[in-house]
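Inspection log for the structure reproduced underneath, given as structure tokens.
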Amino acid sequence: MARPELPAPGTDLSVLALARLLRRRGETRQAAELLDTTLSQGALQAPATTTLSAQVGWLNLERGDLYQDQGALQDADRHALAAVAHFERAGHRGGQAAAALQLGDLAWQAGNAEVATAWWRRCHALADNVGNPMLSARALASLALLELSRAAPEAAEALLAAAEQRAQLDLDETLDGEVLSAETRALRDEAAREQRVVAATVALVRARQAVRSGNWAETRLLIASAAEVAEAEAAWGLYVDALRLDAVVARRQGDPRSAVEALAMAARAAREGGLQRLAAVVDSERVLALADNEQWAEAFSLQAETPPDAIAEQPAVHAARLEAFAVLSLRAGNTIAAEASAREAESLRTQVTDTAGAARAAALVADTAL
């Protein structure tokens with residue numbers, strides 16, 4: 001199999017490598033400043049060569065990823081589309097695949113499942129075409145997660161099996177001698193890290209499927225494995241998601257205290273990693289876990305902490321806050337407000353084709369009538 005489409009050997013990747021290192025250390029502001037300063041250089045506004053255009057594509061993609069973590073979806077989308085343009089000019093299909101993956105994630109966060117599906121499918125097709133199984137596996141895992149949210153387990157299983165097959169390929173089978181040379185050792189190490197993170201990402205989707213089937217032992221093993229890799233590789237978004245799923249399992253097994261503890265760790269990791277949007281979602285999940293554990297004062301206090309408008313208005317964040325508000329309103333005896341919030345949350349979940357989420361919100365609506 002041909003090697004993955006990575007930045008070309010000989011490329012000056014010091015800025016990109018440093019930005020990634022800063023992000024793993026939690027120094028997101030410094031990473032953003034480095035990327036902004038570099039991208040503002042006159043020579044990079046209209047790259048003179050296709051090689052330089054590809055470099056600018058990677059820098060834009062990294063900057064877009066930072067904006068995405070901060071919940072600034074429009075800025076993230078602007079940089080991802082700029083990356084697409086630069087990669088297309090350079091004829092860099094691997095870069096185009098990476099940009100398509102990011103654009104799919106952005107569309108999903110914005111609540112547009114159809115657009116997200118189109119971008120993820122494009123990523124999968126391009127990645128398979130250039131022999132990049134890791135990118136293809138990530139796209140397939142995202143598509144599988146989408147099918148799980150739509151309560152379509154058979155479709156999800158087919159996609160997940162394909163993702164697992166690609167994620168388990170031996171790195172040496174996908175990287176030829178050129179990539180393994182001393183000149184590109186840093187790229188090879190990054191590819192090895194990416195493989196570990198992708199395998200953990202796919203494992204976490206498998207864990208979500210196991211939750212639906214009630215296989216708690218398998219779920220716990222998969223979550224623990226994914227969390228261990230994510231923490232070791234400083235993949236903070238994946239680490240937070242593993243803790244969130246661990247909290248889901250704890251709540252379903254009647255252990256709200258463990259859920260509260262897991263979500264407190266998740267919130268701390270999200271904020272230290274600069275994942276502002278994810279932190280907002282986690283906070284709403286913490287409110288529900290605190291309510292389960294009858295820590296009402298803490299739950300009300302946390303709900304009063306509102307995220308920035310640009311984040312609070314995103315469908316997943318808004319729905320999560322509405323659900324938390326509904327639970328607290330019930331506690332306060334305001335069933336009218338509780339029902340209105342739960343119904344709005346159900347509507348939002350339905351609009352973004354989150355069937356499972358809509359079902360949870362509908363159950364909350366039913367609770368308001370008791």
Side-chain angles (χ1 to χ4, degrees), residues 4 6 13 16-28 30-31 61-62 65-66 68-69 98 101-102 105 132-142 145 160 163-175 179-180 184-208 210-211 217-250 258-259 261-279 281-282:
L6 294 167
L13 290 173
L16 183 60
L18 180 55
R20 288 175 173 172
L21 178 61
L22 288 169
R23 292 182 67 186
R24 288 172 198 164
R25 291 177 175 174
E27 300 174 31
T28 54
Q30 293 89 332
L61 207 56
E62 194 72 18
D65 197 44
L66 265 170
Q68 181 179 0
D69 285 349
L101 181 69
Q102 188 175 104
D105 292 345
N132 190 328
M134 298 305 112
L135 265 180
S136 181
R138 288 184 63 187
L140 288 165
S142 294
L145 193 58
L160 192 51
E164 288 172 334
Q165 185 271 330
R166 288 162 175 78
Q168 292 168 3
L169 288 175
D170 186 355
L171 180 67
D172 290 338
E173 292 180 6
T174 64
L175 299 177
V179 173
L180 294 176
T184 56
R185 186 170 300 279
L187 296 178
R188 184 266 183 193
D189 290 345
E190 181 64 25
R193 174 188 178 275
E194 178 70 5
Q195 182 180 34
R196 292 189 290 272
V197 172
V198 168
T201 300
V202 174
L204 197 59
V205 178
R206 175 64 73 185
R208 292 183 185 279
V211 166
E218 180 186 8
T219 301
R220 290 286 192 185
L221 286 172
L222 288 167
I223 291 174
S225 174
E228 182 179 5
V229 171
E231 185 175 22
E233 302 297 344
W236 300 121
L238 179 61
Y239 181 63
V240 170
D241 279 343
L243 290 171
R244 291 173 63 205
L245 189 57
D246 190 48
V248 169
V249 174
S258 292
E261 292 173 352
L263 290 170
M265 291 174 60
R268 183 166 58 251
R271 288 185 166 85
E272 290 177 354
L275 310 175
Q276 297 177 29
R277 172 196 169 275
L278 198 49
V281 174
V282 171

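Any value given below was found using the heavy atoms of this structure, including those in side chains, with hydrogens, waters and symmetry copies removed. Sequential numbering from 1 along the given sequence is applied to the chain's residues.
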Evaluate the side-chain proximity of [Y] to [X]: yes if any heavy-atom separation is below 4.5 Å, no if none is.
X      : Y      : value
Leu238 : Glu233 : no
Asp69  : Thr28  : no
Leu263 : Leu243 : no
Arg24  : Arg193 : yes
Arg208 : Asp241 : yes
Val202 : Leu140 : no
Leu18  : Leu22  : yes
Arg244 : Val240 : yes

Mark yes or no for whether [X], through its side chain, and [Y], through its backbone, hold a donor-acceptor pair below 3.5 Å.
X      : Y      : value
Thr201 : Val197 : yes
Ser136 : Asn132 : no
Gln102 : Leu61  : yes

Closest non-hydrogen atom pair between [X] and [Y], with its separation:
X      : Y      : result
Ala262 : Asp246 : CB-OD2, 3.9 Å
Ala31  : Ala19  : CB-O, 3.7 Å
Ala200 : Ala226 : O-CB, 3.6 Å
Ala163 : Ala141 : CB-N, 4.0 Å
Asp105 : Ser142 : OD1-OG, 4.0 Å
Ala207 : Ile223 : CB-CG1, 4.1 Å

Query raised in the report: Charged N to carboxylate O under 4.0 angstrom, Glu218 versus Arg206?
Result: no
**Report entry** Heavy atoms of other groups near Gln30 CD, more than 12 under 6.0 Å
**Finding:**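 Enclosed: over 12 neighbouring heavy atoms sit under 6.0 Å from CD of Gln30.
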